[in-house]
K.L.:
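Could you have a look at this structure, given as structure tokens, before my questions?
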Amino acid sequence: MPELPDVEHFRQVFRLHAAGKAVAGLEADPTILRNVQAGALARALIGQRFEDPGRHGKWLVCRTGGPTLLLHFGMTGDLIWSEDEPERHRHDRLILAFVEGGELRYRNMRKLGGVWLAHDDVELAAVLGSLGPDALAIGRRDFLERLSRRRGALKAALMDQSFVAGIGNILADEILWQARLHPRRAIQSLTPGELAVLHRVVHRVLRQASEGYDYVERRRSWLSHVRGHPGAACPRCRSPLSRTVTAGRTTYFCPVCQAGGFDALP
DNA sequence: TCGCTTGTTGATGG
DNA sequence: GCCATCAACAAGCG
């Protein structure tokens, strides 16, 4: 699930149901807590009132007047409001109950990602400090300037959270497909025209994916909609998709639309 | 049993 | 120092 658009959805869930409310109780699976113990987390948050949540890349940043709760959703995380799903689930790892009623559930089957607590901006920076600018918020000039300082394969840079924060494996493939660029294309070989297209597509894909829930289902003309299905063809030209490994992750691309053969890395 | 999975980190090697 | 690859983390599915 969670790349930037999914965490943006979680932010809406949090803002709609938890913002402005005071924490009455807290239950935590200790194996999901990353820099705090369950007792300390409860002491820090009970009685606090959440502000409007923020998001940076794939992180949900939940400030109160005092400490800040940080959620990362790994590959299988979710955020559920109790009215939408009355029954608790076995993989609900953090439960926040509110004075006003209702509970918010952080669910995570595989325990990649987790829950952090920051007491102040110094601790916040210790958790989020290595992230690059948010991929939806970054401007064209900053994006191109940062990219120009990198070498190597384009897809690896897009997925590197210290370069820009928020793009994962699925959306990296989507962005490259929409921009018609080969995943292993050498960054330094990109023309000014291709760079302009790339930034525009990054922004457009993230914005459109964030416009509602489940873009994989919703955006039928996208690569993501067919990606990984057996025998899948390019939604544009109907060529069979290629499957490779780039930057350690399974990569789907169209060998015709994204030929970009010249200067592609081996 | 093996391989695979929308994420991140640390070790290792070129 | 930079970049690529791989293992590990963990749990479920086919």
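In what follows, every chain begins at residue 1, and chains take the letters A, B, ... in the order their sequences are listed.
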K.L.:
Give the rounded distance in Å between these two atoms: CE of A:M109 and P of C:dC9.
P.N.:
17 Å
K.L.:
Quick check for you: among B:dT8, C:dG12, C:dC9, whose closest atom lies nearest to any side-chain atom of A:K58?
P.N.:
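Selected nucleotide: B:dT8.
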K.L.:
Whole-Å distance between C:dG12 P and A:H89 NE2?
P.N.:
9 Å
K.L.:
Heavy atoms under 4.0 Å, any strand shown: does A:G74 hit a base, just sugar-phosphate, or nothing?
P.N.:
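Answer is sugar-phosphate: A:G74 comes under 4.0 Å of backbone atoms only.
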K.L.:
Using a cut-off of less than 4.0 Å, is there contact between a side-chain N or O of A:R249 and OP1 or OP2 of B:dT8?
P.N.:
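No, outside the criterion.
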K.L.:
Closest approach to the side chain of A:R184, judged atom by atom: which nucleotide of B:dT5, C:dT5, C:dA11 is it?
P.N.:
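Among the listed nucleotides, the one closest to the side chain of A:R184 is C:dT5.
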K.L.:
Could you tell me which non-hydrogen atom of A:E51 sits nearest to which non-hydrogen atom of A:A19, and how far apart they are?
P.N.:
O-CB, 3.7 Å
K.L.:
Round to a whole Å and report the spacing from CZ of A:R150 to P of C:dG1.
P.N.:
15 Å
K.L.:
Distance between the P atoms of B:dG3 and C:dC6, in whole angstroms?
P.N.:
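Pairwise P distance, B:dG3 against C:dC6, rounds to 14 Å.
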K.L.:
Using a heavy-atom cut-off of 4.0 Å across all strands, would you classify A:R34 as base, sugar-phosphate, or nothing?
P.N.:
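If one applies the 4.0 Å heavy-atom cut-off, A:R34 turns out to touch nothing in the nucleic acid.
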K.L.:
Which part of the nucleic acid, if any, lies within reach of A:T250 when heavy atoms closer than 4.0 Å are counted: base, sugar-phosphate only, or nothing?
P.N.:
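Sugar-phosphate, backbone atoms only, no base.
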K.L.:
Examine C:dG12: is either OP1 or OP2 under 4.0 Å from a nitrogen or oxygen in the side chain of A:R90? Give yes or no.
P.N.:
yes
K.L.:
Looking only at side-chain N and O atoms, does A:H91 come under 4.0 Å of OP1 or OP2 in C:dA10?
P.N.:
no
K.L.:
In this structure, how many angstroms lie between the C1' atom of B:dG7 and the CG atom of A:L71, rounded?
P.N.:
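In whole Å, B:dG7 C1' and A:L71 CG are 15 Å from each other.
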K.L.:
To the nearest Å, how far apart are A:I32 CD1 and C:dC9 P?
P.N.:
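Nearest whole value for this atom pair: 15 Å.
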K.L.:
Report yes if a donor N or O on one partner sits less than 3.5 Å from an acceptor N or O on the other, where the partners are the side chain of A:R110 and the base of B:dT5; otherwise report no.
P.N.:
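Looking at the base of B:dT5, it does pair with a donor or acceptor on the side chain of A:R110 (distance under 3.5 Å).
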K.L.:
Considering only C:dC3, B:dT6, C:dA4, which nucleotide approaches the side chain of A:A153 most closely?
P.N.:
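Per side-chain heavy atoms of A:A153, the pick is C:dA4.
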K.L.:
Using the six-membered ring wherever Trp is involved, compare the ring planes of A:H72 and A:W59 and label them parallel, tilted or perpendicular (cut-offs 30° and 60°).
P.N.:
perpendicular
K.L.:
Taking the six-membered ring of A:Y213, is NZ or CZ of A:R218 closer than 6.0 Å to its centre and within 45° of its axis?
P.N.:
no
K.L.:
Using the C1' atom in both, what is the distance from C:dC3 to B:dT6, to the nearest Å?
P.N.:
24 Å
K.L.:
Can you confirm whether the side chains of A:Y252 and A:R227 place a donor and an acceptor under 3.5 Å from each other?
P.N.:
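Absent: no donor and acceptor within the cut-off.
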K.L.:
Judged by modelled atom types alone, do A:K111 and A:T31 share a side-chain donor-acceptor pair under 3.5 Å?
P.N.:
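Judged by distance alone, the side chains do pair up.
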K.L.:
Looking at every heavy atom in both A:P2 and A:G77, which two are closest together, and how far apart are they?
P.N.:
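Minimum heavy-atom contact is CG-O, 3.5 Å.
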K.L.:
Counting side-chain heavy atoms from CB outward, which of C:dA4, B:dG7, B:dT8 is closest to A:A156?
P.N.:
C:dA4
K.L.:
Can you tell me the distance, in whole Å, between the CZ atom of A:R149 and the P atom of C:dG1?
P.N.:
15 Å
K.L.:
Tell me: CE of A:M75 to C1' of B:dT5, nearest whole Å?
P.N.:
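In whole Å, B:dT5 C1' lies 5 Å from A:M75 CE.
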K.L.:
To the nearest Å, give me how far apart CG (A:N35) and P (B:dT9) are.
P.N.:
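In whole Å, B:dT9 P lies 13 Å from A:N35 CG.
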K.L.:
As a test of reading the structure: which of B:dT6, B:dT5, C:dC9 is closest to the side chain of A:R243, going by heavy atoms?
P.N.:
B:dT5
K.L.:
On DNA chain B, compare the nucleotides closest to A:I170 and A:S130; which residue's is nearer the 5' end?
P.N.:
A:I170
K.L.:
Ignoring backbone atoms, test whether A:Q161 places a side-chain nitrogen or oxygen under 4.0 Å from the OP1 or OP2 oxygen of B:dG7.
P.N.:
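Checking A:Q161 against B:dG7: no side-chain N or O falls below 4.0 Å of OP1 or OP2.
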K.L.:
Consider the side chain of A:K111, meaning its heavy atoms from C-beta on, and name the nucleotide among C:dA11, B:dT5, C:dC9 that approaches it most closely.
P.N.:
C:dA11
K.L.:
With a 3.5 Å limit on both atom pairs, tell me what B:dC4 is paired to, counting Watson-Crick and G-U wobble, or say none.
P.N.:
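Because both required distances fall under 3.5 Å, B:dC4 counts as paired with C:dG12.
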